[in-house]
Student: 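Below is the structure I would like to discuss, written out as structure tokens.
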2 protein chains.
Amino acid sequence: MAFIVAPQAVVRPGIIELRWGTPDLSLLPVEEVGAAAQEMLRLAGPLALDYGTNEGPEALRAALAARIARREGRPPGLDEIAITDGISPALHQLAGLLVRPGDAVLVEDPGYSLALGLLRDLGIEPVGVPFDADGLDVERLPGVLSGVRERGLRPRLLYTIPTFHNPTGRSLAGERRRRLVELAVEEDLLIVEDDVYRELWYDVASPPSLWRLAADVDGGTDHVVRLGSFSKSLAPGLRCGFLTGSPALVRRYADSGLIDSAGCLSQFTSLIVAVLLHDGAYDGIVERFRQAYRERRDALVAGLKGALPEGCSCTEPGGGYFVWVSLPPDLTAARLRSFAEPAGVSFVGGAAFSVSRADHGLRLCFAMYGPEELTEGAVRLGRAIRLALEER
Amino acid sequence: MAFIVAPQAVVRPGIIELRWGTPDLSLLPVEEVGAAAQEMLRLAGPLALDYGTNEGPEALRAALAARIARREGRPPGLDEIAITDGISPALHQLAGLLVRPGDAVLVEDPGYSLALGLLRDLGIEPVGVPFDADGLDVERLPGVLSGVRERGLRPRLLYTIPTFHNPTGRSLAGERRRRLVELAVEEDLLIVEDDVYRELWYDVASPPSLWRLAADVDGGTDHVVRLGSFSKSLAPGLRCGFLTGSPALVRRYADSGLIDSAGCLSQFTSLIVAVLLHDGAYDGIVERFRQAYRERRDALVAGLKGALPEGCSCTEPGGGYFVWVSLPPDLTAARLRSFAEPAGVSFVGGAAFSVSRADHGLRLCFAMYGPEELTEGAVRLGRAIRLALEER
């Protein structure tokens, strides 16, 4: 029997598929992970195969706590970290635990499409918060919350990607970060911070996490949970992530029926990650990603600047995976698609990310292709936009 | 930094901990998994580290389909199988997708405690169905459903472990199996069949799954989803399972926001499992488990028969992990605990498994200890029960 394995990202012949938010296979650390798996089994033996502790192996939590202390300047206690199987499962679990009928969940508009999807799957219809060049519009948040309360709902969670946001690549501006945490305290809202791109900065180090800033705000630590991940900094197939939050929140997660039944949801792979953190290989891998993606980000942004017609613009992200292209008001992403795909380039259209179904933006991922293909992709996209505008 | 890994099962000094439903570390296939991990990386390369396809790798789905066809006589199509990260996460995901306010979820009483917990975490208060020596009392199910409807609720899901049930070790009697599927069709109820113990039979091969029987009942295939797992037949730490169901159900699972975001939730480990299935090592491991657990089941049952005072009884399971001890009506498990733990033996008391909080049963696991300790555990338990009965 053949051993058939396919990637999630389907690539159609002749199309530069900028629609997938997935890494380049050639960058993934196969050798390092293979060696770490053997070393891990030597160190952990059958414990790697058994039900793990609900909060995840101390080998990884301790290494992470040390790393977070060094990098972020706020050392989490071991009771403030749990290992997860990635950000989406952790968000799903927290939403299932904490959101009840009558509760509202707030999201950025535009916000991460599949997070919207997983919330809707739980019967939650998310409420959008306006978003601009400086990220989530914190000054307009109280108005959104009032509107939610007027509809008889209780604002419960705010899901946000403040650092190298998906889909725009933008980061929440410095002065807004602290204010957002203060508002969460005032409004008794739990911020669920999706911090997946923290390691992937290309110019200057990532801004402080909301979780980090929460320590400086009275009552802040009870109002922010940060979801971290090794999917973008190491390998998504390992399905390993973590969360940092208050001891009570960590316990609520770890003592839940699901986790109590399954034990750590990434027991085997989280121990591989622990070895890579312990032996320092992780830092080398992250640095390799950073160099490769920086070059790709540069290629795509430069390509777009040269290729986009007047009336369009693109973000210039300092990290992460994505560039966002804004289209002229009279061109939707849905209409553009019928020009772009025949021209050999794909994207995810704005409507997928928008609670209000606004469809005048495009998400382009620069992680999966090398610089030359990204440049060509930008040229094709520019050509497709021109065609679409001409045929109005 | 030390590399600290602990098992989920905490063992207190001097206590034979029959409360944990976990395998014996010494049986876990460390060498086989280590070798399979290397072979897997050779075969799959970076695809093992990438986002996997939503329905899971074909390498595992195809091997599973062939195995299920051979063992169960109903060959599932590849569009009728999805790879999961275990039964509890799959149940959690299906409940989140399918159950809405006003829907009722039915469970066996007694039923698996942590499944009750994960349903409650989603805001679902499960409804108990009576259970007797032949398993779920199928003839009383229509009455329960009428009661649910009279309360204005719609019966939506029935979660059941028909084969080597947790906590009792009992299996649903043959004649009840088909009738249960027929009732699910008549009542438009989805049966979620937790089939975790299928491989662990010790006397005669496991009874046919409800999923298998659904093919013989008009409309049956749309009303049963079977959740399978490698946690008991291989290693829980791999967090790998599968589901078989209708193509529509499989798509609903695989296309959900959570899975679409994360890809296959056990990408790396499911490929290890695929290698173990392809190269035949899996069969050897299962056979090893079966022999070891058969001996342990025999030791615990014989020990209990010799040690339990009059008025108590125990099940004699044909497979799985658990024996159930029934206490006399005037002794609760909660009261017994204060005698048992000082006597050096632990159990999970009935109330944890019961929607009605009935507390006159004990769940004992025979997987974690060897025969001698199990015999000693039975002696200690008998002594504790006698003491508790004398002190009335």
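Just so it is clear, the structure is predicted and the values come from calculations on it, not from any experiment.
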Student: Which atoms of B:A66 are under 4.5 Å from chain A, going by heavy atoms: the side chain, the backbone, both sets, or neither?
Tutor: side chain

Student: Could you check which of A:P57, A:P46, A:A235 has the highest count of heavy-atom pairs closer than 4.5 Å to chain B?
Tutor: A:P46

Student: Report the distance from atom CG of B:L265 to atom OG of A:S266, rounding to the nearest 0.5 Å.
Tutor: 11.0 Å

Student: Which bit of B:P7 comes within less than 4.5 Å of chain A, counting heavy atoms only: side chain, backbone, both or neither?
Tutor: both

Student: Is the shortest heavy-atom distance from the side chain of A:S231 to the side chain of B:Y51 under 4.5 Å?
Tutor: yes

Student: Which one, A:N54, A:T53, A:D50, leads in non-hydrogen pairs under 4.5 Å with chain B?
Tutor: A:D50

Student: At their closest point, which heavy atom of A:F3 faces which heavy atom of B:L271, and how far apart are they?
Tutor: CZ-O, 3.8 Å

Student: How long is the gap from CD on A:Q93 to CG on B:L122, to the nearest 0.5 Å?
Tutor: 7.5 Å

Student: Measure B:T269 against the heavy atoms of chain A and call it side chain, backbone, both or neither at under 4.5 Å.
Tutor: side chain

Student: Shorter than 4.5 Å, heavy atoms on both sides: which option in B:V10, B:L60, B:L41 has the most such pairs with chain A?
Tutor: B:L41

Student: Please report the C-alpha distance between B:V33 and A:L49 in whole Å, then the side-chain angles of each, then the deciding distance to 0.1 Å, and finally whether the side-chain contact (heavy atoms from CB on, under 4.5 Å) criterion is met.
Tutor: CA-CA 9 Å; B:V33 168; A:L49 302 183; 3.9 Å; yes

Student: Which residue out of B:G52, B:A44, B:P101 racks up the most heavy-atom pairs below 4.5 Å with chain A?
Tutor: B:G52

Student: Between A:A262 and chain B, which part of the residue has a heavy atom less than 4.5 Å away: side chain, backbone, both or neither?
Tutor: both

Student: Ignoring hydrogens and geometry, is there a side-chain-to-backbone donor-acceptor pair from A:Q38 to B:A37 under 3.5 Å?
Tutor: no

Student: Given a strict heavy-atom distance threshold of 4.5 Å, which part of B:A6 is in contact with chain A: side chain, backbone, both, or neither?
Tutor: both

Student: Based on non-hydrogen pairs under 4.5 Å, which of A:M40, A:R42, A:R100 is most in contact with chain B?
Tutor: A:R100

Student: Got a sec, which residues hit ring pair (Phe, Tyr, Trp, His ring centres under 6.0 Å) with B:F230, two or more places apart in sequence or on another chain?
Tutor: B:F242, B:Y282

Student: Looking only at heavy atoms and a cut-off of under 4.5 Å, which of A:L27, A:L98, A:L28 has the most pairs with chain B?
Tutor: A:L28

Student: Which residues pass the side-chain hydrogen bond (donor to acceptor under 3.5 Å, both in side chains) test with B:S88, not counting sequence neighbours?
Tutor: A:S261

Student: With chain A, which of B:I87, B:L97, B:L118, B:L258 has the greatest number of heavy-atom pairs at distances under 4.5 Å?
Tutor: B:L258

Student: Report the option among A:A9, A:S113, A:G96, A:G117 that has the most heavy-atom pairs separated by less than 4.5 Å from atoms of chain B.
Tutor: A:G96

Student: Go through B:D121, B:L238, B:L47, B:L234 and name the one with the most non-hydrogen pairs under 4.5 angstrom from chain A.
Tutor: B:D121

Student: Using a 4.5 angstrom heavy-atom cutoff, name the option from A:R252, A:E31, A:Q267, A:R239 with the most pairs to chain B.
Tutor: A:R239

Student: Does any N or O in the side chain of B:Q8 come within less than 3.5 Å of the main-chain N or O of A:D260, such that one atom is a donor and the other an acceptor?
Tutor: yes

Student: Go through the atoms of B:V275 and report whether side chain, backbone, both or neither lie under 4.5 Å from a heavy atom of chain A.
Tutor: both

Student: Let's go through B:D85 and A:D85 carefully: what are the C-alpha distance in whole Å and the side-chain angles of both, what is the deciding distance for side-chain contact (heavy atoms from CB on, under 4.5 Å) to 0.1 Å, and is it a yes or a no?
Tutor: CA-CA 10 Å; B:D85 51 335; A:D85 52 334; 3.4 Å; yes

Student: If I measure from the heavy atoms of chain A, does B:I259 come under 4.5 Å with its side chain, its backbone, both, or neither?
Tutor: backbone

